[in-house]
Amino acid sequence: MDMHTVVVGTSGTTAEDVIAVARGNARVELSAAAVSALAAAREIVDALAAKPEPVYGVSTGFGALASRHISPELRAQLQRNIVRSHAAGMGPRVEREVVRALMFLRLKTVASGHTGVRPEVAQTMADVLNAGITPVVHEYGSLGCSGDLAPLSHCALTLMGEGDAEGPDGTVRPAGELLAAHGIAPVELREKEGLALLNGTDGMLGMLVMALADLRSLYTSADITAALSLEALLGTDKVLAPELHAIRPHPGQGASADNMLRVLAGSGLTGHHQDDAPRVQDAYSVRCAPQVNGAGRDTLAYAATVADRELASSVDNPVVLPDGRVESNGNFHGAPVAYVLDFLAIVAADLGSIAERRTDRLLDKNRSHGLPPFLADDAGVDSGLMIAQYTQAALVSEMKRLAVPASADSIPSSAMQEDHVSMGWSAARKLRTAVDNLARIVAVELYAATRAVELRAAQGLTPAPASLAAIEALRAAGVEGPGPDRFLSPDLAAADAFVRAGGLVAAVEPVTGPLA
């Protein structure tokens with residue numbers, strides 16, 4: 001395990017800490033301030049529990065059953081039962097990194113001191129994360145309102161020593177066995193604690209944070225591949241001039257144009273057509289790449305603002321306020337997160353769409369300005385990259401389906417008490433697929449563009465130094481390039497892995513300087 005330690009305090013956390021815990025196995029510790037806040041809030045809950053007046057979540061049922069007052073001897077059973085009954089997820093297992101993000105973010109809210117959970121429960125949450133124990137959480141079960149209830153319930157089951165979990169060795173075993181093997185005592189839930197472990201937007205938020213990190217890298221890679229395609233198509237880099245983008249001052253657009261201009265510095269291909277085969281303008285997919293990529297970048301920036309606000313939030317119902325009141329609220333509604341998850345799926349689909357159009361242009365001898373059909377060695381005998389573009393087109397088509405907003409839907413639940421829900425978990429799940437597909441789409445454009453640039457070099461033209469660095473790094477990553485009697489799938493898979501790992505950006509930046 002990574003020895004890096006993330007300290008959880010009372011004032012939220014950062015995206016970097018979420019990723020460190022979810023993907024880097026960073027250790028988690030509670031700050032002294034968090035332990036004090038937990039204890040102080042628990043005193044308030046204990047005092048309310050001792051009073052005869054019912055308090056929602058402390059001495060009542062939940063949701064549509066909130067009107068029933070629960071007697072003291074049944075309250076521990078109530079908290080256990082809400083976890084057991086809500087652990088009703090179905091379908092495939094959710095990825096380990098998502099579950100770790102989910103648990104860590106619930107711990108973040110618990111540690112704020114607004115939930116009334118005892119310090120020992122919070123410490124058990126940290127201990128489970130540090131032991132590398134990952135609850136089995138299922139794909140379906142959250143409506144993105146009243147929290148990611150089913151996913152969080154499966155995590156709470158593990159704290160109780162019930163249900164199944166995956167150990168650090170990757171083996172799924174009964175949670176009680178895993179806790180015992182790591183010297184962790186199961187928690188005995190008391191008033192409000194079961195409810196507090198379930199009432200959060202943690203799953204959708206964790207997936208948003210990781211999607212943002214992945215998309216930032218992919219957008220930079222997409223700027224590079226767009227530049228390579230422009231170069232291979234003998235396009236003009238004049239449309240990337242800073243003064244043109246200054247008069248439409250969207251920050252993302254300017255950043256993407258600057259990235260492309262840096263990649264193309266020193267190219268002997270750009271603008272070449274103006275002498276040999278005059279074209280007034282390049283096609284939109286080439287000329288408007290900064291506008292499309294840049295609009296996506298600006299959407300990422302807005303989504304990051306929402307994520308940062310949510311990372312600083314305490315999401316629970318009811319909440320313990322500093323003045324001692326315990327108040328019901330609607331902060332568990334996932335709308336703010338759900339909307340940006342859907343926005344990101346839309347811009348990812350459009351980025352994939354414009355990348356595929358450039359790939360198709362590279363392969364079409366009628367529009368590629370002197371490149372061989374399908375970039376083949378011997379067109380007819382060799383189909384070249386024809387079916388690589390088919391694969392890319394299939395991915396783009398799925399991206400468009402994934403761009404249909406989940407947050408525009410709502411299915412009432414809990415006997416119409418919860419009559420409007422966000423579907424934010426569903427938005428997050430489809431965004432993960434979209435991000436996955438986008439990496440593949442960018443990889444196919446990279447594969448085609450580098451092949452085309454090499455063919456231009458064989459024609460006696462001089463590619464940009466950054467283009468040559470990208471080609472060299474791609475070859476070093478095991479991408480041989482198309483040739484007679486070779487099938488492409490291993491190359492495309494290697495190019496995909498290269499893009500996902502940030503290899504393209506790392507290869508180009510020594511030549512271009514830092515890219516946005």
Side-chain angles (χ1 to χ4, degrees), residues 23-24 95 97 170 210 213-232 259 263 267 351-352 355-356 358-360 362-363 371-372 374-379 381-396 432-458 463-512 515:
R23 292 178 167 171
E95 303 85 357
E97 67 178 15
M210 290 186 284
D214 294 339
L215 285 169
R216 288 189 188 103
S217 176
L218 284 174
Y219 265 80
T220 305
S221 295
D223 288 341
I224 297 170
T225 58
L228 291 171
S229 292
L230 182 153
E231 184 178 37
N259 282 349
V263 172
S267 174
L351 182 62
E356 183 275 330
R358 289 189 295 266
T359 303
D360 181 66
L362 288 166
L363 271 55
L371 291 169
F374 303 106
L375 304 180
D377 280 323
D378 186 1
V381 176
D382 174 7
S383 294
L385 305 191
M386 179 192 293
I387 307 305
Q389 185 267 331
Y390 282 33
T391 299
Q392 193 185 40
L395 289 163
V396 169
R432 280 183 69 84
T433 303
V435 172
D436 231 20
N437 287 351
L438 181 59
R440 298 183 179 105
I441 291 165
V442 172
V444 174
E445 183 182 11
L446 173 63
Y447 191 71
T450 52
R451 164 70 172 165
V453 169
E454 287 182 308
L455 289 169
R456 293 298 189 195
S467 300
L468 296 174
I471 293 168
E472 183 180 352
L474 198 59
R475 298 291 175 263
V479 180
E480 296 182 33
D485 304 320
R486 293 195 65 242
F487 58 97
L488 299 185
S489 187
D491 263 5
L492 296 177
D496 178 33
F498 178 71
V499 168
R500 288 172 195 270
L504 180 57
V505 179
V508 167
E509 282 192 326
V511 180
T512 62
L515 298 176

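- For the pair A473 and A507, the tightest heavy-atom approach, listed with the atom from each and the gap, is CB-CB, 3.3 Å.
- The two residues A449 and S229 make their nearest non-hydrogen contact at CB-OG, 3.7 Å.
- Distance check: L438 CG to L218 CG gives 5.0 Å after rounding to the nearest 0.5 Å.
- In terms of heavy atoms, A469 sits closest to V511 at CB-CG2, 4.0 Å.
- By the 4.0 Å N-to-carboxylate-O rule, R500 lies too far from D214 to be salt-bridged with it.
- The two atoms that bring A232 and L362 nearest to each other are CB-CD2, 3.7 Å, heavy atoms only.
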- Determine, stepwise, if the pair T359 / I441 fulfils side-chain contact (heavy atoms from CB on, under 4.5 Å). CA-CA 10 Å; T359 303; I441 291 165; over 6 Å; no

- Derivation of the side-chain contact (heavy atoms from CB on, under 4.5 Å) call for L446 and L504: CA-CA 9 Å; L446 173 63; L504 180 57; 3.9 Å; yes

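- Atoms CD and CD, from Q392 and E445 in turn, are 7.0 Å apart once rounded to the nearest 0.5 Å.
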- Give the C-alpha distance, both sets of side-chain angles, the deciding distance and a yes or no for salt bridge (charged side-chain N to carboxylate O under 4.0 Å, His left out) between R440 and D436. CA-CA 7 Å; R440 298 183 179 105; D436 231 20; 3.6 Å; yes

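- Distance check: L492 CG to Y447 OH gives 6.0 Å after rounding to the nearest 0.5 Å.
- In this structure, CG in D360 is found 8.5 Å from CZ in F374, a value given to the nearest 0.5 Å.
- The shortest side-chain heavy-atom distance between D223 and V263 does not fall under the 4.5 Å cut-off.
- Closest approach of V453 and L228 over heavy atoms only: CG2-O, 3.8 Å.
- Residues that satisfy the side-chain contact (heavy atoms from CB on, under 4.5 Å) test with L468, not counting sequence neighbours, are P463.
- Checking side-chain atoms of D491 against main-chain N and O of V479 turns up no donor-acceptor pair under 3.5 Å.
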- Message: Show, in sequence, the C-alpha distance, side-chain angles and deciding distance for R456 and L371, and conclude whether the side-chain contact (heavy atoms from CB on, under 4.5 Å) test is met.
- Response: CA-CA 8 Å; R456 293 298 189 195; L371 291 169; 3.6 Å; yes

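- Scanning both residues, E231 and S267, for their nearest heavy atoms gives OE2-OG, 2.6 Å.
- Expressed to the nearest 0.5 Å, how far OG of S383 lies from CG of D378 amounts to 10.5 Å.
- Not a single donor-acceptor pair under 3.5 Å links the side chain of Q389 to the backbone N or O of L363.
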- Take L385 and L488 through the test side-chain contact (heavy atoms from CB on, under 4.5 Å) and record every step on the way to the result. CA-CA 8 Å; L385 305 191; L488 299 185; 3.6 Å; yes

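- Note on D382 versus R486: no salt bridge recorded, every NZ/NE/NH1/NH2 to OD/OE distance being 4.0 Å or above.
- The main-chain N or O of L375 is found under 3.5 Å from a side-chain atom of R451 such that the two form a donor-acceptor pair.
- Atom CD of E95 and atom CE of M210 lie 8.0 Å apart (nearest 0.5 Å).
- T391 contributes a side-chain N or O that, together with a main-chain N or O of I387, makes up a donor-acceptor pair within less than 3.5 Å.
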